[in-house]
Amino acid sequence: MKALITGGAGYIGSHTLIALSDAGYDFVVYDNLCNSSKESLARVSKIINRDIDFVEGDIRDKKRLQELFTTYKIDAVIHFAGLKAVGESVEQPIRYYDNNVNGTLVLLDIMQEFKCKKIVFSSSATVYGDPVSTPIEESFRVGGTTNPYGTSKYMIERILEDLVISDSSFQAVILRYFNPVGAHESGTIGEDPNGIPNNLMPFISQVAVGKREYLSVFGGDYDTKDGTGVRDYIHVVDLADAHVKALNYINSKQFNTKNLTFNIGMGVGYSVLDMVKAFERVSKREVPYKIVQRRAGDIAKCFANSLLAKEVLGWSALKTIEDMCIDSWRWQSNNPNGYSDK
Ligand code: NAD
Ligand code: UFG
């Protein structure tokens with residue numbers, strides 16, 4: 001079984017390649033490298049001890065995808081390719097809708113042309129907007145998104161649901177990731193954000209390694225245990241494993257269109273200060289912080305009920321926040337400048 005991994009050179013994609021290889025899945029990576037480099041693939045190749053088939057290209061490039069589907073017999077697609085910066089999406093909505101929504105439409109069109117009918121899609125807890133309560137269940141209302149990035153994920157979910165209704169032989173699994181963090185235990189691959197990190201974990205790691213002076217904690221007056229925002233952090237290696245479980249499910253007789261969408265989180269909420277303290281414990285470095293204004297668009301609490309993934313996919317998160325911090329720290333301290341340290 002050969003899977004096409006769009007966006008496979010990126011943070012989550014590169015970790016998923018290892019999980020797929022360990023599970024015996026064959027794959028080809030397709031990526032335009034707009035937010036990644038071939039170095040991540042070279043390092044994955046070392047970890048899995050084999051060459052990786054890679055085609056450089058854009059998911060909006062119909063001709064290139066046709067060539068790829070002609071060269072390789074693709075049985076399923078894991079679709080990571082997308083732009084993901086929330087703030088940037090507010091400034092550049094057309095670029096985000098074009099890349100994420102239009103790109104997915106082109107990909108689905110080619111899949112139909114080549115009769116490839118299995119897809120696992122990277123969605124996000126962002127589709128829930130500000131939830132009425134926590135933990136969040138898959139049946140909660142979606143679509144109350146607050147930025148074009150989130151709306152693009154919501155739109156793609158709807159497109160996939162409509163496709164499944166229109167063609168009973170088309171199989172889709174939608175994984176709604178909560179907050180992916182951490183890195184592979186080798187310390188050779190990890191998250192490598194451009195410029196100033198938007199997300200908490202890479203920011204904390206860069207403060208601990210001395211690249212940045214202090215962490216700005218966005219808001220200390222939320223209705224949470226210590227006033228700081230609460231999230232469901234999920235180790236990227238556990239998240240990678242969810243994709244293998246999703247492919248297994250799609251290929252099994254258990255696949256049922258009633259269960260297409262799964263929350264992928266640990267099911268526990270940690271505050272910003274919990275993460276700071278855990279990181280300080282494992283790195284034995286101080287992480288200075290200042291509590292500043294809330295960040296526009298942030299919500300107080302977001303964590304998952306992930307029991308459906310456990311029941312149907314046989315997946316649950318195994319790694320702890322200590323593991324997340326240890327592995328992030330190993331990656332950051334071995335590669336203070338990310339992949340440009342090669
Ligand atoms: P990433 O930016 O590291 O990886 C995405 C990859 O897709 C990159 O390698 C990029 O070069 C590639 N890409 C982007 N547009 C492309 C295009 N038009 N054609 C071909 N390749 C393209 O991001 P990630 O953190 O690995 O995220 C993977 C997926 O998971 C994304 O769809 C993202 O929206 C989703 N997701 C991420 C998070 C998170 O916090 N990291 C949370 C929820 C959902
Ligand atoms: N935070 C800070 N300081 C920082 C960065 C973040 O205090 O420098 C706080 C935020 O206010 C929030 C928490 O840390 O309370 C987590 O923030 P992140 O930016 O790491 O993550 P978000 O929950 O805002 O968003 C992430 C992804 C989105 C995705 C969303 C839901 O970035 O793409 O999770 O899954 F949509």
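No hydrogens, no waters, no symmetry mates; every other heavy atom, side chains included, goes into these values. Counting starts at 1 for both ligands and their atoms, following the listed order.
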Looking only at N/O atoms, are D58 and ligand 1 under 3.5 Å apart anywhere?
yes
Quick check on contacts: which atoms of ligand 1 are under 4.0 angstrom from a heavy atom of S123?
43 (C), 44 (C)
Geometric class of the Y149/Y96 ring pair [parallel <30°, tilted 30-60°, perpendicular >60°]:
perpendicular
Less than 4.0 Å between a side-chain N and a carboxylate O, is that true for E157 and K153?
no
Distance filter under 4.0 Å, heavy atoms only, around ligand 2 gives S124, A125, T126, Y149, Y177, F178, N179, N198, N199, L200, L215, S216, V217, F218, G229, R231, Y233, V272, R295, D298
Ligand-residue contact atoms, ligand 1 with I59, heavy atoms, under 4.0 Å
17 (C), 18 (N), 19 (N), 20 (C)
For D274, is there an ion pair with K225 - N to carboxylate O distance below 4.0 angstrom?
yes
Centroid-centroid under 6.0 Å between H243 and Y177 rings
yes
Closest candidate by heavy atom, reference atom 14 (C) of ligand 1, pool A125, G82, G10
G82
Taking non-hydrogen atoms only, is K153 closer than 4.0 angstrom to ligand 1 via side chain, backbone, both or neither?
side chain
Atom 2 (O) of ligand 1 has as its nearest protein heavy atom N35 ND2, 2.7 Å
The protein heavy atom nearest to atom 26 (O) of ligand 1 is I12 N, 2.8 Å
Which residue holds the protein heavy atom closest to atom 31 (C) of ligand 1, what is that atom called, and what is the gap in Å?
F80 O, 3.1 Å
Taking a hydrophobic cluster as the set of Ile, Leu, Val, Met, Phe, Trp and Tyr residues connected by side-chain heavy atoms closer than 4.5 Å, whether directly or through intermediates, do L160 and Y249 fall within one such cluster?
yes
Any chance CG of D223 has more than 12 other-residue heavy atoms, nucleotides or ligands included, within less than 6.0 Å?
no
Show me which atoms of ligand 1 lie under 4.0 Å from any heavy atom of Y149.
33 (C), 34 (O), 35 (C), 36 (N), 43 (C), 44 (C)
NZ or CZ of R176 within 45° of F140 ring axis and under 6.0 Å:
no
Short N or O distance, Y11 and ligand 1, threshold 3.5 Å exclusive
yes
In this structure, atom 15 (N) of ligand 1 is nearest to the protein heavy atom N99 ND2, 3.1 Å
Enclosure of K46 NZ (heavy-atom neighbours >12, cutoff 6.0 Å)
no
Sidechain N-carboxylate O distance under 4.0 Å for R64, E67
yes
Common cluster, I326/L239, ILVMFWY with side-chain heavy-atom separation under 4.5 Å:
no
Counting from 1, what ligand 1 atoms have a heavy atom of L33 closer than 4.0 Å?
11 (O)
Only heavy atoms of G57, strictly under 4.0 Å: list the atoms of ligand 1 that pass.
19 (N), 20 (C)
Relative to atom 7 (O) of ligand 1, which among P180, S152, G7, A85 owns the nearest non-hydrogen atom?
G7
Let me know which of T228, N179, V287, L200 forms a side chain to side chain contact (heavy atoms under 4.5 Å, CB included) with M275.
L200
For atom 11 (O) of ligand 1, which protein heavy atom lies nearest, and how many Å away is it?
D31 OD1, 2.8 Å
Near S122 (heavy-atom distance under 4.0 Å), the atoms of ligand 1 are 29 (C), 30 (O), 32 (O), 35 (C)
Can you report which non-hydrogen protein atom sits closest to atom 25 (O) of ligand 1, along with the distance?
K84 NZ, 2.8 Å
Any side-chain donor paired with an acceptor under 3.5 Å for N251 and K118?
yes
Flag if over 12 foreign heavy atoms under 6.0 Å of NZ, K62
no
Distance under 6.0 Å and angle within 45° of the ring axis: does K117 meet both against F170?
no
Would you say Y177 has any N or O atom under 3.5 Å from an N or O of ligand 1, going by distance alone?
no
With under 30° as parallel and over 60° as perpendicular, where do the rings of Y339 and W331 fit, or are they tilted in between?
tilted
The protein heavy atom nearest to atom 22 (C) of ligand 1 is N32 OD1, 3.1 Å
Against heavy atoms of C34, which atoms of ligand 1 measure under 4.0 Å?
10 (C), 11 (O), 13 (N), 14 (C), 15 (N)
Quick check: are there more than 12 heavy atoms from other residues, nucleotides or ligands sitting under 6.0 Å from CD of E185?
no
